Amino acid sequence: MSTFDLIIKGGTIATASDVYTADIAIKDGKIVQIGTSLDGAEKVIDATGKYVLPGGIDSHVHISQPSGEGISMADDFETGTRSALFGGNTTVLPFCLQEKGTPLRQTLNAYHKLAEGNLYTDVSFHLIVSETNPTLLGQELPALAGEGYASFKVFMTYEGLRLNDAEILKTLDVARSTGSTVMIHCENEDAIRYLIEKHEAAGDVAPRAHASTRPAAVEREATHRALTLAEIADVPIVIVHVSNGQAMEEISRARARGLKVFGETCPQYLMLTAEDLDGMDWEGAKFVCSPPPRDKAAQEECWRGIETGVFDLFSSDHCPFKYDDERGKKFPKGKESFRHIPNGIPGVETRMPILFSEGVMKGRIDLSRFVALTSTNHAKTYGLYPQKGTISIGSDADIAIWDPSVKRTIRHAELHDGADYSPYEGIEVTGWPTTVILRGSVMVSDGELVGKKGDGQYQTARTRTPNSL
Ligand code: DUC
Ligand code: ZN
Ligand code: ZN
């Protein structure tokens, strides 16, 4: 009988701290040895000339999320996690949206039902908190935190979803006492409303107005306010989907004051601009997301944040709607005004190839920083480390083998999500994850799916050590 189930031989291993050449031995889904000349496995993968990296963790994806009457998301758990897998991910963290008036646990159970048996990657949920009644804050959230639901997102925008400052403070207080992690969507809803009314009154209702009504100042002010509220509540927070240098400055200033804050950015803020929303024949709707993509200067600022450490997390914010579909980007009311266009873009499969190609291959970041931004920091921030997010003895054998010589042009026809377009169509990338291993099982082998739907599992998360004032 073989000592190991699998050995990955001769690849260049990268973690968030080291890059070296070695073999990895796997048994019962775990990494059990790292060394040279390892032998005695049922199966051997030759990774010579390849990079052997921790499987990607995308901690910001939306799957099967209710998005309004008459609108449906393009991905369910089957297609969303399949697409994630082909993009080198082994874990994704989607959101469970609290339905007002419904116990959170009931919504969570419904999400688990949707996920069960359908996963190609491991999954762990964040909760979206959309109201702050005493039962939710006093009982539900603390109980769920203890059961492994240790992160939640709050919105400062969207009527019906946004929390006011008092509600955010109460929610942050629960995070502090339970050791949960709060993600905040920072945009000033009242300022956006004001701008939307002006644009609509002037008849400016096309997709491009989505970007004009959500300028950088709207994001900067809300980022400052979120950080101030976190400072007052004395709790770490994650500022999600940061799109520009002004919001980044707020993060840096808060850090200088001693606040623990994690910054996240996404491919759309490196690769797209508001001009993409100008596309003819409603094609601009393909790029409607919030915060909106900005300009070339903001792209450069975001790159600087990736290089210098303002950003800890690089996530996709995969939020897929079909383009040529009345339940998607061509939702009929969206033709009356941009504000009804379903908000979000797909990208879970292209997140890492874009950063690998534009970041590592072009010399902006090194391999260890790539691993930190796409895997390790996600596991650390959301209570999954060191089981996930690294290559070390005892960790889950979640591994992506990257071939740096592959050149590909991104074509939606070759991706695996449920949408009908990619915002990154036609972009050329160098490097792709050709083999993906989930807890020791080869799921994608040389670009071919060999794993099964249902091989992914739900993962509970750990809270931080709770701190009290
Ligand atoms: N925020 C997200 O995080 N995703 C999609 C839309 C939004 O507003
Ligand atoms: Zn958001
Ligand atoms: Zn999102």
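Both ligands and their constituent atoms are indexed starting at 1 by order of listing. These figures come from a predicted structure and were not determined experimentally.
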At what distance is the nearest protein heavy atom to [atom], and which residue and atom is it?
atom	result
atom 1 (N) of ligand 1	His185 ND1, 3.3 Å
atom 4 (N) of ligand 1	Asp317 OD1, 2.9 Å
atom 8 (O) of ligand 1	Tyr158 OH, 2.4 Å
atom 5 (C) of ligand 1	Cys319 SG, 3.6 Å

**Message:** Does the structure place the NZ or CZ of Lys329 under 6.0 Å from the centre of the six-membered ring of Tyr323, at an angle of no more than 45° from the ring's axis?
**Reply:** no
**Prompt:** Under 6.0 Å from the six-membered ring centre of Trp282 and within 45° of its axis: does the NZ or CZ of Lys330 meet both?
**Reply:**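 No, Lys330 does not lie over the aromatic ring of Trp282.
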Atom pairs and distances, donor-acceptor, side-chain atoms in residues 296-310, under 3.5 Å, two or more places apart:
unit_1, atom_1, unit_2, atom_2, d
Gln299, NE2, Leu272, O, 2.9
Glu301, OE1, Gly245, N, 2.7
Thr308, OG1, Arg304, O, 2.7

**Message:** With carbon and hydrogen excluded and only N/O/S kept, which atom of Asp317 is nearest the Zn ion (ligand 3)?
**Reply:** OD1
**Item:** the Zn ion (ligand 3) to His60: nearest N/O/S atom name
**Value:** NE2
**Item:** Phe95 near ligand 1 by a heavy-atom separation under 4.0 Å
**Value:**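 The answer is no, since Phe95 has no heavy atom less than 4.0 Å from ligand 1.
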**Message:** Using heavy atoms and a 4.0 Å limit, tell me yes or no: is Lys153 in contact with ligand 1?
**Reply:** yes
**Lys/Arg N to Asp/Glu carboxylate O, Arg339 vs Glu159, below 4.0 Å** = no
**Prompt:** Under 4.0 Å between a Lys/Arg side-chain N and an Asp/Glu carboxylate O for Asp122 and Arg439?
**Reply:**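 Arg439 and Asp122: salt-bridged.
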**Angular separation of Lys153 NZ and His185 ND1 about the Zn ion (ligand 2), given to 10°** = 130°
**Message:** I'd like to know: is the Zn ion (ligand 3) within the 2.8 Å range of an N/O/S atom from His62, strictly under that distance?
**Reply:**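 It does: His62 brings an N, O or S atom closer than 2.8 Å to the Zn ion (ligand 3).
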**Message:** At less than 4.0 angstrom from any non-hydrogen atom of Asn343, what atoms of ligand 1 do you find?
**Reply:** 5 (C), 6 (C)
**Request:** Could you list which atoms of ligand 1 come closer than 4.0 Å to a heavy atom of His60?
**Result:** 2 (C), 3 (O)
**Prompt:** Going by distance alone, is a donor N or O of one side chain under 3.5 Å from an acceptor N or O of the other, for Thr79 and Asp75?
**Reply:** yes
**Request:** Could you walk me through whether His62 and Phe95 pass the ring-ring contact (aromatic ring centres under 6.0 Å, His included) test, one step at a time?
**Result:** CA-CA 6 Å; His62 303 262; Phe95 295 87; 4.7 Å; yes
**Message:** Please report the interatomic distance CZ(Arg369) to OG1(Thr376), rounded to the nearest 0.5 Å.
**Reply:**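 Taking CZ in Arg369 and OG1 in Thr376, the distance rounds to 11.0 Å.
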